[in-house]
Amino acid sequence: MAGAGSPIRSAATTQFPGQPDGTIPAARDEAIRLRKLVALCSHLSALAGQDADLAAVARVLSNGIGAAVAILDSELQPLASAGIPEPGGVIGQLREHAGGAAVDRVLLAVSHHRRALTVPGPRGSEGSVAVAPVSVGQEIAGYLVTRSSRDAELSEDMRLLGTEHAAMVCGMLLARGLVIAAAGGRARQELVDGLLLAGGREDGEVDRWAQHLGLDPAREHYVLSVSLARPRGGGLEATKSLLARLAPDAVVTSRTDEVVAILPAAKSPATHPEQARTLARTFAATVTEHHLASRRSA
């Protein structure tokens, strides 16, 4: 046991032979930055399990790495941003750093390797731009772009890692949105099928189905069915979109080879069949104009 006059010193102040001055404070600072990066990634991961959106991811990343953040779709249109008044400014910075023609090569490399890249600025510039792919399954749904200055607290590698992690979380949020939309579409289809097959049921269930679809059970409705002669390509979606434009109040859904619309009857002297035939003629004229072959029934 060391006495009062023991030469043993505290490990925190021991200077080993050949150790440069300031190494211990530098290591301590590095540990602080690493803890901050871990906290940032943990916060981002938590967003994936919450009812968060892309804007929340952009804000957390911007605050965490001290950078301007823009989340773009595959066409480079902004979806969310933080730390920058105009998201297009980040793309402008990327073009300035990489050169106008080189931006496509940067995006191609990012998409091909599915890894984030840092694009350093020209000599004398104040910062760098990082680009990370936002993947949904095997598809590249967009890009996460950050612009940071050279005096940022985290190192460039740390900022790049945080950017890549945020892009992964964005992909998870987008994928979840697609799953919810698909589930909603299936539920909507089942409700429409239930209404069409309900017959003379009067147990109140049909009214509830109608209300779920946004229909007023107190009003009378009629059905227009459009069958495609050759349901290939985007014919079903084009037909569905056209019917929705012609009848904004309708509930429109698509099946294997047909599009069905449930429409509230207008308060006019025209009977339901007459209203349906009027809409069918308008639809047919538009279809003919756009060369989309179909068969319709009301």
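Positions are given from 1 along the sequence.
Counting heavy atoms of neighbouring residues, nucleotides and ligands inside a 6.0 Å radius, atom CD of Gln50 exceeds 12 of them.
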Go through Val69 and Ile84 one step at a time and tell me if the side chain to side chain contact (heavy atoms under 4.5 Å, CB included) criterion holds.
-> CA-CA 7 Å; Val69 175; Ile84 183 172; over 6 Å; no

Would you please test Leu173 and Asp53 for side chain to side chain contact (heavy atoms under 4.5 Å, CB included) and show each step?
-> CA-CA 7 Å; Leu173 294 180; Asp53 55 14; 5.8 Å; no

Give the C-alpha distance, both sets of side-chain angles, the deciding distance and a yes or no for side chain to side chain contact (heavy atoms under 4.5 Å, CB included) between Leu144 and Cys170.
-> CA-CA 9 Å; Leu144 194 156; Cys170 288; 4.0 Å; yes

Checking side chain to side chain contact (heavy atoms under 4.5 Å, CB included) for the pair Leu215/Leu195: CA distance, chi angles, key distance, verdict?
-> CA-CA 11 Å; Leu215 300 174; Leu195 287 179; 4.0 Å; yes

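One finds the CG atom of Leu54 at 10.5 Å from the CZ atom of Arg59 (value rounded to the nearest 0.5 Å). Atom CD of Glu153 and atom CD1 of Ile65 lie 12.0 Å apart (nearest 0.5 Å). In this structure, OG1 in Thr163 is found 13.5 Å from CE in Met158, a value given to the nearest 0.5 Å. The structure places CD of Glu190 at 12.5 Å from NE2 of His212, a figure rounded to the nearest 0.5 Å.
With 3.5 Å as the limit, one finds no donor-acceptor pair spanning the side chains of Tyr143 and Ser74. For Arg159 and Thr146, the side-chain atoms include no donor-acceptor pair closer than 3.5 Å.
Contact annotation: the side chain of Leu154 approaches that of Lys36 to within less than 4.5 Å [non-hydrogen atoms, C-beta and beyond]. Between Thr253 and Val259 the shortest side-chain heavy-atom distance does not fall below 4.5 Å. Leu246 has its side chain within reach of Leu242: a pair of non-hydrogen atoms, C-beta onward, lies under 4.5 Å apart. Looking only at side-chain heavy atoms (C-beta outward), Val134 and Leu79 stay at 4.5 Å or farther from each other. Considering only heavy atoms from C-beta on, Leu61 comes within 4.5 Å of Leu40 through its side chain.
When each of Thr118, Leu160, Val119 is paired with Ser128, the side chain to side chain contact (heavy atoms under 4.5 Å, CB included) condition holds for Thr118 and for no other.
Linking Ile, Leu, Val, Met, Phe, Trp and Tyr whenever their side-chain heavy atoms come within less than 4.5 Å leaves Leu37 and Ile32 in two separate clusters.
Using a 4.0 Å cut-off between a side-chain N of Lys or Arg and a carboxylate O of Asp or Glu, Arg277 and Glu274 do not qualify as a salt bridge. Using a 4.0 Å cut-off between charged nitrogen and carboxylate oxygen, Glu164 and Arg115 count as a salt-bridge pair.
Checking side-chain atoms of Arg219 against main-chain N and O of Ala265 turns up a donor-acceptor pair under 3.5 Å. Judged by distance alone, the side chain of His221 and the main-chain N or O of Leu263 form no donor-acceptor pair under 3.5 Å. Under the 3.5 Å distance criterion, the side-chain polar atoms of Gln275 are matched with a main-chain donor or acceptor of Ala266. Side-chain atoms of Ser111 come within 3.5 Å of backbone atoms of Leu107 as a donor-acceptor pair (strictly under, hydrogens ignored).
For Leu47 against Ala52, the heavy-atom pair with the smallest separation is O-CB, 3.6 Å. Across Ser135 and Ile140, no two heavy atoms sit closer than the pair OG-CD1, 3.5 Å. The two residues Gly137 and Arg114 have their closest heavy-atom pair at O-NH1, 3.8 Å. Contact detail for Asp249 and Pro264: the closest heavy-atom pair is O-CD, 3.7 Å. The shortest heavy-atom contact between Leu224 and Ala276 is CD1-O, 4.4 Å. Taking each heavy atom of Ala67 and Ser148 in turn, the nearest pair found is CB-CB, 3.7 Å.
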